Amino acid sequence: MFILGIHDGHNAAACLLEDGRIVAALQEERLTRIKNHDVFPARAVHWLLESRGLTLRDIHAVAMNGHHQPAHRDRARLIQDTRRGGDLHPARALRRLARKTPLLALWRRRRRADREAEAHAAGIDPQRLAWIEHHRCHAEAAWWGCPWRDGPVLVLTCDGAGDDLCATVNVANEDGRGGLRRIAQVHESHSPALIYLVVTTLLGMVPNEHEYKLMGMAPYAGEQATEEVARLFERLLEWDPNQPLAWRRRPGVPNAYYSYDYLKAMLDLRRFDAICGGMQRWVERLLAEWVRRCVAATGLRRVALSGGIFMNVKANQVIAQLPEVDDLFIFPSCGDETNTMGAAWAAYAGMAAPDAPRPEPLGPIYWGAAPAPAEIEAALAAQGAHFRWSRPADLAAHAAAFLERGEVVARYAGRAEFGARALGNRSILANPARPEVVRRINAMIKSRDFWMPFACSLLAERADDYLVNPKRLRAPYMILTFDTTDRWADIAAGTHPSDRTVRPQIMEPAWNPEYHRLLKAFEARTGIGGLLNTSFNLHGYPIVNTPAEALDVMRRSGLNYLILGDLWVEKLSDESRDGGRHAVAP
């Protein structure tokens, strides 16, 4: 049984299930080269089918994320809407009034018709679409992705907004058959993630994209200023006395989406770093208290999370450290792009026969395209005047020697990883014991804000050397931070410069043997059990998707060394380009 899962909003994406197993998935941005592209993912759907030799006639169901999806917006329109949505703007009053009239239902019917038309344009019969409620998609992803099948699990979802909600509390697998039961929910007007989004806009950043920059700045803020601002944010929401697992706005606080002017006045004359620190602390406290209450109410100490707010890796660390939580799973890249998986799993659960295979817990998420040798050869032939290349007998050892001496090496090999995090196959790598590489990477390619940390890939067998992880939590997806041990200097360039936390990819050999071999080769030369790992892209652009894009980024940046499939590629200096083209060895 083949099922397509589709998210046709911000960061559009599609996935393909075969008998409950994810066999391919892709974000539309990788193909259109528009970061976080808000569109119907027609190209991604086409690639999924082509990659498996299927047509739409082979698909048993097409599962759509959300009954309602806002109209498509580009970056400029999103910023404009956030600012115009302020509580003093006339648009707010008009929108609030419209929501209380039949106009809302009329607009949503028209929007549904637009979505059906977009599906039809992609070749999909609108009659075949199955519409799955937004937060159910998040919950299904968290439940079916988590590693536990032997009992009930507490499943929490939280994000900006979806189908009028921002959060839900669910119990999964009570009967041992994988069902979900929702026991609480929070309306979108009380959304802490929307407040985070609005403050991101207030600080001159891009909403729905740069929230991580505020999280990265937070540890630099002074304690007193952080606490003062946190207390300001704590005046916004309160626990609902009628539903202790939910929160609500305090009297006089506007709808979160329309809070631009309210928050601007509240934060007037506060320092940038204090705002970041205070808001981050508030979110961490709110989510931690929510988890405590949910565990106490259900008695369930294994917790699975999904929804965009859990891209906040520092808040995830606070949740992981709670004594009430025995084990924690966060669905990787858990924004709406992974509601494609949740929608597909929900459809599968409703259609599969009782004896059909159950979805397996999530493993490696290398669901994208792998470079074909002919594609690599064509890319090198087109741009070969800029490069020389070879096929070393031991590519891992060859690359490790360059990394040991402080060179920066990109890696484009194997199937692409899905989502926001590079997990070794579309990555830029460096020696984590050399803090100076951070400035070099930023200068040559990434152009990240100076305060933003990089991350690390760590050998699973060496993780205890660097991570404080008494609960033995799994962390293969760069979705959770940890405090570091007294050996932090070995991986200093891959930690946060202020608090020395690290966002690791703990690498098991079976999950990516070739990348693991590179980590082992580097360990053999240096004694260090990991590498600095950041995504392979130019600043503001999606991660590279083709060999030609990998070479183009290399050519247009200061990057000089690249693992391309099984080839070692070096950029030629201007002086050595004459005669520098080399044929690919047979």
Side-chain angles (χ1 to χ4, degrees), residues 33 369-416 422 424-431 434 436-437 439-447 457 512-522 524-526 531-539 541-586:
R33 310 312 298 161
E375 189 179 11
I376 291 175
E377 291 179 17
L380 286 168
Q383 303 191 53
H386 300 277
F387 307 105
R388 61 168 168 256
W389 56 92
S390 61
R391 186 174 278 116
D394 189 335
L395 180 57
H398 184 81
F402 281 76
L403 290 163
E404 178 189 20
R405 71 186 193 214
E407 300 292 352
V408 177
V409 177
R411 184 172 188 268
Y412 182 104
R415 294 188 68 179
N425 284 2
R426 304 291 183 271
S427 291
I428 295 171
L429 308 170
N431 186 334
R434 293 177 173 252
E436 70 274 10
V437 301
R439 178 172 291 186
R440 288 186 57 215
I441 293 172
N442 277 329
M444 68 167 52
I445 184 169
K446 296 295 286 188
S447 302
S457 296
N512 191 332
E514 291 300 317
Y515 185 44
H516 188 269
R517 189 172 294 115
L518 175 58
L519 293 169
K520 290 297 289 184
F522 182 75
R525 298 188 69 95
T526 65
L531 286 168
L532 181 151
N533 175 6
T534 188
S535 57
F536 189 0
N537 62 290
L538 292 172
H539 183 68
Y541 288 87
I543 296 172
V544 298
N545 193 55
T546 66
E549 290 164 7
L551 292 171
D552 183 62
V553 167
M554 188 177 180
R555 183 175 56 82
R556 294 196 290 133
S557 71
L559 189 63
N560 292 318
Y561 305 103
L562 169 66
I563 296 169
L564 185 59
D566 63 350
L567 300 178
W568 175 258
V569 181
E570 297 186 12
K571 185 162 63 178
L572 296 170
S573 64
D574 290 339
E575 294 78 16
S576 61
R577 281 183 189 166
D578 244 354
R581 186 187 300 251
H582 292 254
V584 179

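Being a predicted model, the structure only gives us computed values, none of them experimental.
With contacts defined as side-chain heavy-atom distances shorter than 4.5 Å, the pair Leu403/Thr526 does not qualify. With a 4.5 Å cut-off on side-chain heavy atoms, Val544 and Asp552 do not count as touching. For the pair Pro547/Leu564, a side-chain contact is recorded, criterion being any heavy-atom separation below 4.5 Å from C-beta on. Trp389 has its side chain within reach of Leu380: a pair of non-hydrogen atoms, C-beta onward, lies under 4.5 Å apart.
Checked by atom type and distance alone, the side chain of Arg426 pairs as donor or acceptor with a backbone atom of Ala413 at under 3.5 Å. Under the 3.5 Å distance criterion, the side-chain polar atoms of Arg411 are matched with a main-chain donor or acceptor of Gly424.
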Starting from the C-alpha separation in whole Å, work towards a yes-or-no answer on side-chain contact (heavy atoms from CB on, under 4.5 Å) for Met554 and Tyr412. CA-CA 11 Å; Met554 188 177 180; Tyr412 182 104; over 6 Å; no
Can Leu532 and Val408 be said to form a side-chain contact (heavy atoms from CB on, under 4.5 Å), step by step? CA-CA 10 Å; Leu532 181 151; Val408 177; over 6 Å; no
Step by step, would you call Asn431 with Phe522 a side-chain contact (heavy atoms from CB on, under 4.5 Å)? CA-CA 9 Å; Asn431 186 334; Phe522 182 75; 3.5 Å; yes
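Under the side chain to side chain contact (heavy atoms under 4.5 Å, CB included) criterion, Ser557 pairs with Ile445, Leu538, Val553, Leu559, sequence neighbours left out. A search for salt bridge (charged side-chain N to carboxylate O under 4.0 Å, His left out) contacts involving Glu375 returns nothing, not counting sequence neighbours. By the side chain to side chain donor-acceptor pair (under 3.5 Å) test, Glu407 pairs with no residue at all, sequence neighbours left out. Residues passing the side chain to side chain contact (heavy atoms under 4.5 Å, CB included) test with Ala422, sequence neighbours excluded: Glu417, Ser427, Asn533, Ser535. Ala369 meets the side chain to side chain contact (heavy atoms under 4.5 Å, CB included) test with Trp47; sequence neighbours excluded. Checked against salt bridge (charged side-chain N to carboxylate O under 4.0 Å, His left out), Asp566 has the following partners two or more places apart in sequence or in another chain: Arg391. Taking the side chain to side chain donor-acceptor pair (under 3.5 Å) definition, one finds that Asn560 meets it with nothing, sequence neighbours left out. With sequence neighbours excluded, the residues forming a side chain to side chain contact (heavy atoms under 4.5 Å, CB included) with Pro392 are Ser390, Leu395, His398, Trp568, listed by chain and number. Listed by chain and number, the residues in a salt bridge (charged side-chain N to carboxylate O under 4.0 Å, His left out) with Lys446 amount to none (sequence neighbours excluded). For Thr534, there are no side chain to side chain donor-acceptor pair (under 3.5 Å) partners, not counting sequence neighbours.
Taking every heavy atom of both residues into account, Ile563 and Ala399 meet most closely at CD1-CB, 3.7 Å. Closest approach of Val569 to Leu551, counting heavy atoms only: CG1-CD2, 4.2 Å. Considering all non-hydrogen atoms of both residues, Ala430 and Leu531 come closest at O-CD2, 3.5 Å. The minimum heavy-atom distance between Phe387 and Leu572, with the atom names listed, is O-CD1, 3.6 Å.
In the displayed structure, Arg33 atom CZ is contacted under 6.0 Å by more than 12 heavy atoms of other residues, nucleotides or ligands.
Residue pairs meeting the ring pair (Phe, Tyr, Trp, His ring centres under 6.0 Å) criterion with at least one member in residues 541-560: none, sequence neighbours excluded.
Atom OH of residue Tyr561 and atom CD1 of residue Ile428 lie 15.0 Å apart, to the nearest 0.5 angstrom. Separating the CZ atom in Arg556 from the NZ atom in Lys571 is a distance of 11.0 Å, to the nearest 0.5 Å.
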In residues 512-519, what donor-acceptor pairs under 3.5 Å come from side-chain atoms, sequence neighbours left out?
from   : atom 1 : to     : atom 2 : distance (Å)
Asn512 : OD1    : Tyr515 : N      : 3.2
Asn512 : ND2    : Tyr366 : OH     : 3.1
Asn512 : ND2    : Asn425 : OD1    : 2.8
Glu514 : OE1    : Arg517 : NH1    : 2.8
Glu514 : OE2    : Arg517 : NH1    : 2.4
Tyr515 : OH     : Ser457 : OG     : 2.7

